[in-house]
Amino acid sequence: MSKLTVISGKSSESLAKELSKKIKANFVKSEIKVFPDGESKITLIGKISKKKSIVLQSISPLVDTNLVHVLSLITKAKENSSEVVAVIPYMGYARQDREFLPGEIVTMKVLGKLFKSAGASKIIVVDIHSSIGLKHFSIKTKNVTAIPDLVGFFKKLSLKNPLIVSPDQGGKERAKEFAKEFNSDYISLEKTRDRKTGKVKIKTKNLEEVKNRDLILVDDIISTGGSIIKATQFLKKQKCRRIYVACTHALLMNDAEKKIKKAGVTSIISTNTIPGKTSKVDISKTIAKAIM
Ligand code: R5P
C-alpha cells in the first residue's frame, strides 16, 4: 500500500482519480446516500494510509452540502492519517472574504476555523478569487494557478492579433499573467457591481485597440455570466473580431452558458476544478506538482 491516499469527494471524483495516478497514491472514493430530509451519509470505499491523506473536493454547488462533505472527509482522514492536506480546487465562499456591507458575515473566516478544527494541516486551492480569502486561515495555505494550463489550450488555436481582456480591474493581474504566458498584450475594463442586486455595468467608454482583433476574456469564476455578458456586449460594440472566454472555475449557473453564447462568445474554456461541458483543461498535473 502506498504511503499516500487521495480521498475523493463526490464533486471531484475524476480529478481526484487523475491526481492519485500522478502521485502514485491509493484512491479512496466516497459513496453518498441522501436521506429524505436532505442529510448525507458518506461511506469511504478503500484503505486510508497511516501517513498522509489528500482530501480532494471542490466546494461547488451544492455549496453547503459539499462543504459539509469535505469537512467530514477531513475529519475521517485525520482519524487514520497523521497528516491531512485539503485540496479544494474551487473554493466556494471565496468571494465572501470581507465585509462589503455592514452586518455581513465574512464566511471565509468561518471556513478558516472549520478546516483547522476538522484536522487539515494545509490547504491547497486553485486560482482563489482574491488572496484576502486565505488570510483567514491559520493553517498553511497554497494558491496554485491554472493560467499556464489554460494558456496551453489557447496556444493551439489560430487567433488573429489576439488581445487578453479582463472584464474588471480586480482581474487585471490575472490578465497580465495570462498575456505574459501567451506572449501578447492585455487590457482591463472597468466594471461596477451593485452590492445589493448583484447587477454589473461596464464603465469603460470607447476602445479603439480591440477593433478587428480576436479577444480572450480571462476571469477566475463565471457564475451567472453577468460579468462576461456585459463585457462581451461592450466589446462587440467596439467592433472586435471573435471573443473567447478562459476561466478557471465555470459554475455557469442556470442558463449562463446559453446567455453567454447568445451575447456573442465563440467558446468558453474552463478547467476541471468544476467538471462540465466547458472544462476542457485538466489541472491534475499542476495540483500534483503543488503536493509533491
Ligand atoms: C468578480 O469579481 C469575479 O472575478 C467574477 O467576475 C464574478 O464572480 C463572476 O460572476 P458572474 O458570472 O455572476 O458575473
Side-chain angles (χ1 to χ4, degrees), residues 6-16 19 30 53-75 77 84-100 104-147 149-150 170-171 173-174 177 218-224 227 246-253 270-276 278-279 281-284 286-291:
V6 170
I7 302 175
S8 165
K10 207 67 196 164
S11 66
S12 303
E13 211 170 274
S14 61
L15 179 55
L19 177 71
S30 311
S53 283
I54 319 285
V55 171
L56 189 145
Q57 158 127 312
S58 275
I59 304 180
S60 49
L62 299 167
V63 171
D64 291 342
T65 299
N66 281 331
L67 174 60
V68 173
H69 286 190
V70 79
L71 293 169
S72 308
L73 297 178
I74 294 168
T75 305
V84 179
V85 175
V87 178
I88 316 294
Y90 170 66
M91 186 76 199
Y93 285 109
R95 288 177 290 177
Q96 296 190 47
D97 57 4
R98 63 204 99 163
E99 194 174 333
F100 293 102
E104 285 178 356
I105 290 171
V106 180
T107 310
M108 281 303 274
K109 216 187 258 182
V110 182
L111 262 54
K113 292 180 185 176
L114 291 174
F115 274 83
K116 186 179 179 190
S117 62
S121 58
K122 184 176 181 180
I123 180 165
I124 299 175
V125 295
V126 181
D127 287 335
I128 185 119
H129 177 63
S130 144
S131 58
I132 296 170
L134 292 176
K135 298 216 165 91
H136 299 297
F137 285 72
S138 59
I139 56 174
K140 279 187 222 154
T141 62
K142 190 169 196 170
N143 178 38
V144 299
T145 179
I147 287 178
D149 298 308
L150 284 163
E173 281 308 309
R174 194 174 300 119
E177 204 182 325
V218 178
D219 213 342
D220 56 337
I221 304 167
I222 305 177
S223 179
T224 63
S227 307
C247 92
T248 307
H249 315 291
L251 292 163
L252 293 169
M253 301 315 295
S270 66
T271 75
N272 56 351
T273 59
I274 300 173
T278 61
S279 57
V281 175
D282 173 36
I283 48 134
S284 59
T286 299
I287 293 178
K289 264 195 232 152
I291 289 170

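Atom set for the values below is all heavy atoms of this structure, side chains included, hydrogens, waters and symmetry mates excluded. Values in this document were obtained by computation on a predicted structure and should not be read as measured data.
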Can you measure from OG (Ser227) to CD1 (Ile222) and round to the nearest 0.5 angstrom? 9.0 Å
What heavy-atom pair brings Thr75 and Leu71 nearest, and what distance separates the two atoms? OG1-O, 2.7 Å
Working to the nearest 0.5 angstrom, can you tell me the gap between Leu252 CG and Ile274 CD1? 8.5 Å
Main-chain N/O of Ala146 paired with Asp127 side-chain donor or acceptor, under 3.5 Å: yes
Using a 4.5 Å cut-off on heavy atoms from C-beta on, say whether the side chain of Ser30 contacts that of His69. no
So, His249 side chain and Val126 main chain: donor-acceptor pair closer than 3.5 Å or not? yes
Minimum side-chain heavy-atom gap Val55-Val70 below 4.5 Å: yes
If the condition is side chain to side chain contact (heavy atoms under 4.5 Å, CB included), which residues does Ala16 pass it with, not counting sequence neighbours? Val6, Ser8, Phe27, Leu56
What verdict does the side chain to side chain contact (heavy atoms under 4.5 Å, CB included) test give for Leu150 and Val218, after you've listed the backbone C-alpha separation in whole Å, the side-chain angles of each residue and the deciding distance to 0.1 Å? CA-CA 10 Å; Leu150 284 163; Val218 178; over 6 Å; no
Any side-chain heavy atom of Leu15 within less than 4.5 Å of one from Pro275? no
For Glu13, check side chain to side chain donor-acceptor pair (under 3.5 Å) against everything at least two apart and list the hits. Lys10
For Ser12 and Gln57 the tightest heavy-atom approach is OG-CA, 3.4 Å
Would a 4.5 Å heavy-atom cut-off, applied to side chains only, mark Val85 and Lys142 as touching? no
Could you pull out all residues at least two apart from Arg95 that satisfy salt bridge (charged side-chain N to carboxylate O under 4.0 Å, His left out)? none
Would you indicate whether the side-chain heavy atoms of Ile139 and Ser121 approach each other to under 4.5 Å? no
Kindly compute the distance separating CD1 (Ile74) from CD1 (Ile54), expressed to the nearest 0.5 Å. 11.5 Å
Rounded to the nearest 0.5 Å, what separation is found between the CG atom of Asn143 and the NE2 atom of His129? 12.0 Å
Answer whether the closest heavy-atom distance between the side chains of Val84 and Ile7 falls below 4.5 Å. no
Report the residues that fulfil side chain to side chain donor-acceptor pair (under 3.5 Å) with Ser58, sequence neighbours left out, ordered by chain and then residue number. none
Quick check against the 3.5 Å criterion: does Ser60 have a side-chain atom that pairs as donor or acceptor with the backbone of Tyr90? no
Hey, mind stepping through Ile287 and Val87 against side chain to side chain contact (heavy atoms under 4.5 Å, CB included) and telling me if it holds? CA-CA 8 Å; Ile287 293 178; Val87 178; 3.8 Å; yes
Apply salt bridge (charged side-chain N to carboxylate O under 4.0 Å, His left out) to Glu99 and list each qualifying residue two or more places apart in sequence or on a separate chain. none
What's the shortest heavy-atom distance between Leu19 and Ser284, and which atoms? CD1-O, 3.8 Å
Test applied, side chain to side chain donor-acceptor pair (under 3.5 Å); reference residue, Ser270; option that passes from Thr248, Thr278, Asp219: Thr278
Who pairs with Asp64 by side chain to side chain donor-acceptor pair (under 3.5 Å), at least two apart in sequence or on another chain? Tyr93
Heavy-atom pair of closest approach, residues Ala290 and Ile124: O-CD1, 4.1 Å
How long is the span from the CG atom in Leu62 to the CG atom in Leu67, to the nearest 0.5 Å? 12.0 Å
Give me the atom names and distance for the closest heavy-atom approach of Gly9 to Leu73. CA-CD1, 3.6 Å
Determine whether a donor-acceptor pair (N or O, by modelled atom type, separation under 3.5 Å) exists between the side chain of Asn272 and the backbone of Ile283. yes
Exercise: identify the closest heavy-atom pair between His136 and Asp97: NE2-O, 2.9 Å
Close side-chain approach of Met108 and Met91, heavy atoms under 4.5 Å: yes
So how far is it from Ile123 CD1 to Ile88 CD1, rounded to the nearest 0.5 Å? 5.0 Å
